[in-house]
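Structure, as structure tokens:
Computed over heavy atoms, backbone and side chain alike; hydrogens, waters and symmetry mates excluded. As the structure is a computational prediction, the values presented were derived from the model and not from experiment.
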Amino acid sequence: MIEIELDGQKVGVAEGSTVMHAAEKSGTYIPHFCYHKKLSIAASCRMCLVDIEKMPKPMPACATSVTQGMVVRTKSDKAIKAQQSVMEFLLINHPLDCPICDQGGECQLQDLAVGYGGSSSRYEEEKRVVQVKDVGPLISMQEMSRCIHCTRCVRFGQEIAGVMELGMSHRGEHAEIETFDGQTIDSELSGNMIDICPVGALTSKPFRYSARTWELSRRRSVSPHDSTGANLIVQVKNNKVMRVVPFENEAVNECWIADRDRFSYEALNGADRLTTPMIKQGGEWKNVDWKTALEYVANGLQGIKADHGAKTIGALVSPHSTLEELYLAGALVRGLGSENVDFRLRHAEFESAPAGARYLGMPISALSHLQSVLVVGSNLRKDHPLFAQRIRQAAKMGCAVNAISDRAMNWAMPLANTCIAPASSWVQSLADIAFTVAIEKGLPAPQNGQATESAKVMAAALLSGGRNAVLLGNAAAHHPQASHLLALATWIGEQTGATVGYLTEAANTVGAPLVGALPGPGGLNAGQMLSGALKAAILLNNEPVFDSATGAKALETMASCEMVVTLSPFKANMEFSDVLLPIAPFTETPGTFVNAEGRIQSFHAVVQPLGETRPAWKVLRALANVMSLPGFEFDSSQEVLRHLHRDQAGVVPGFVPAHRLSNVCAMPSGNQVTQAKPCVASIYQLDGIVRRAPALQLTADARTAELQEVAA
């Protein structure tokens, strides 16, 4: 530790720290623009100039390393005058458009100009104007004349997103931030550039000019789109979601969110929202009241139970739904006498009795500190943008990143080794690694294999010791031989000391098994239900055509049911449904998600339900009450959660108890090779909300996925 004096206060900081770090530790604010705690030091804005004893001129706090006994003054006349001079320089060319600036009210330059700017300018020359640029559907660069060249956006692309999409061209007063050759900004994390821009140069194109910052109410929430469980601030005006920004949680999403977390809110106010119950009569859809709709569903389900038996009724539920919704959907089906409930819509193999919920196997924060990792069956960057960002940071520190995939993919990070093989060969690829490990350790191999060059490299990385991991992606989880992949990964982990886990797909992929969203004894799994085994299907928050391994075939199998009830925020499944019940999306209902590491996060509704929409837990409770089913006496979602805590051993905000989580899997007998490809959704097709977000569907990733589907 090094001790310095900062504004008369003794501060101890680690060797190699800067004056800015010491100021942060002591709670002293030093004005700055280019400095950001997650980015490298640029020292380009010079706003953080401070007075250091024995230094002939003011020094930038962000780039000046501390030394023993250093005396720093941040409020001396020398420091203040230097900062005022820098502010005058920054404002020479800055446009005087604060009243209409989209960043007005949350602009660092605006705030600091009050304290360090002059009341008038000495300059009368014309201000420079920067040409307008179109960089895609998410980020607006309409007012780059405001840019102060702090280069935060450039460094974010290089260091966090892994793609240098912006750079500074030209010199002097002609210098400007722009993309290369007029290209668009296509990173899946690009929206974070808006947050870190200290002026109004980069703004949100969907949000632009729709509200002023002081008009917005700010409410916390949790992202439903992937298994990170990113913490959000949802900004609301007149009971309408206007903008979504990150809530900093260092252990989960740090201070970043993915673009699908940020821009998917557009779908919540779209024309496709279902706002009143609907019943199909004579081939035409008609709006009805809730009482009529619930009685129609109740009579239909009870009639099918009487005619065909309870085992012909089933529920296909989405892992993007809340714990409370998943539990009540299962309880409703079981109350009717059926065990047909499943959330594994995209799976091709169905374990009968897993030892516990499959999960990441480590804290999310540990991904940033791995020394070696083997990723199997994942387009890591697109499937899990925030996990990829953490592994990217580990790679910068020397982590050896290895991958087994069916095609070459750009993860925006250096890969030590990539094994390109069709999905049908992934079991053999893992078996080769296990075989190589077995040879190195003098053990019998769990399966015959070959010590290929690729296997040797990957095995050596895992055998190197330290913080190593084998991570199975969405394609591995949905693989026809998923249990075989997990068993081999488990064996490799046991012999090398590597952690084994799943990069789980959705907000409640871990939570769903904990609350019984799996078939019970004698129950049908999702694959069987989607094969036409049902007479009555309850679809909770999903569209089988897009959200299941069955794909377009779901149209035929669902149409063969005597009754299909869809509970959705959107006008979904209209081709084959008989009843549509409008349920609230995550912004309009309280609920709970369990992320990949087993962290349980509850949230509240941020706006009132739209129209006649009701939270799904209320709809399921009301439907059970109409059918006189016992065990549905809940007055709030919090009561449902307390019931789960009491009866489901620990499901309450915090962490899932360790005994409820497990990635242990016994080695299956035989090795039946199948040519079937795992079903994996592209980045902006993952759930109904992102599918209906206009700006996201205009991105390069969405267009690329569409072209791939056409080619297939």
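No cation-pi contact links Arg344 to Phe350, judged by a cut-off of 6.0 Å to the six-membered ring centre and 45° from its axis. For the pair Arg220 and Phe247, the cation-pi test (distance below 6.0 Å, angle within 45°) is passed.
Looking at heavy atoms from C-beta onward, Ser227 lies out of side-chain contact with Glu505 at the 4.5 angstrom threshold. Leu518 is listed as a side-chain neighbour of Asp342, based on a closest heavy-atom distance under 4.5 Å. At least one side-chain heavy atom of Phe343 sits under 4.5 Å from a side-chain heavy atom of Pro513. Between Asn253 and Asp261 the shortest side-chain heavy-atom distance does not fall below 4.5 Å. Contact check for Ile233 versus Arg243: no side-chain heavy atoms found under the 4.5 Å cut-off.
Using a cutoff of 4.0 Å between basic side-chain nitrogens and carboxylate oxygens, Asp226 and Arg260 are scored as salt-bridged. Under the 4.0 Å criterion applied to side-chain N and carboxylate O atoms, Arg273 and Glu588 are assigned as salt-bridge partners.
Results of the side-chain contact (heavy atoms from CB on, under 4.5 Å) test with Asp383 over Leu686, Ile683, Val680 single out Val680 as the only residue that passes.
In plain terms, the two heavy atoms of Asp635 and Arg621 that are nearest each other are CA-NH1, 3.9 Å.
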May I have the step-by-step check of side chain to side chain contact (heavy atoms under 4.5 Å, CB included) for Leu471 and Leu380, ending in yes or no?
CA-CA 10 Å; Leu471 301 176; Leu380 183 65; over 6 Å; no
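Using cut-offs of 30° and 60° on the angle between ring planes, the pair Tyr327 and Phe634 is perpendicular.
Side chain of Glu324 to backbone of Thr592: a donor-acceptor contact under 3.5 angstrom is found.
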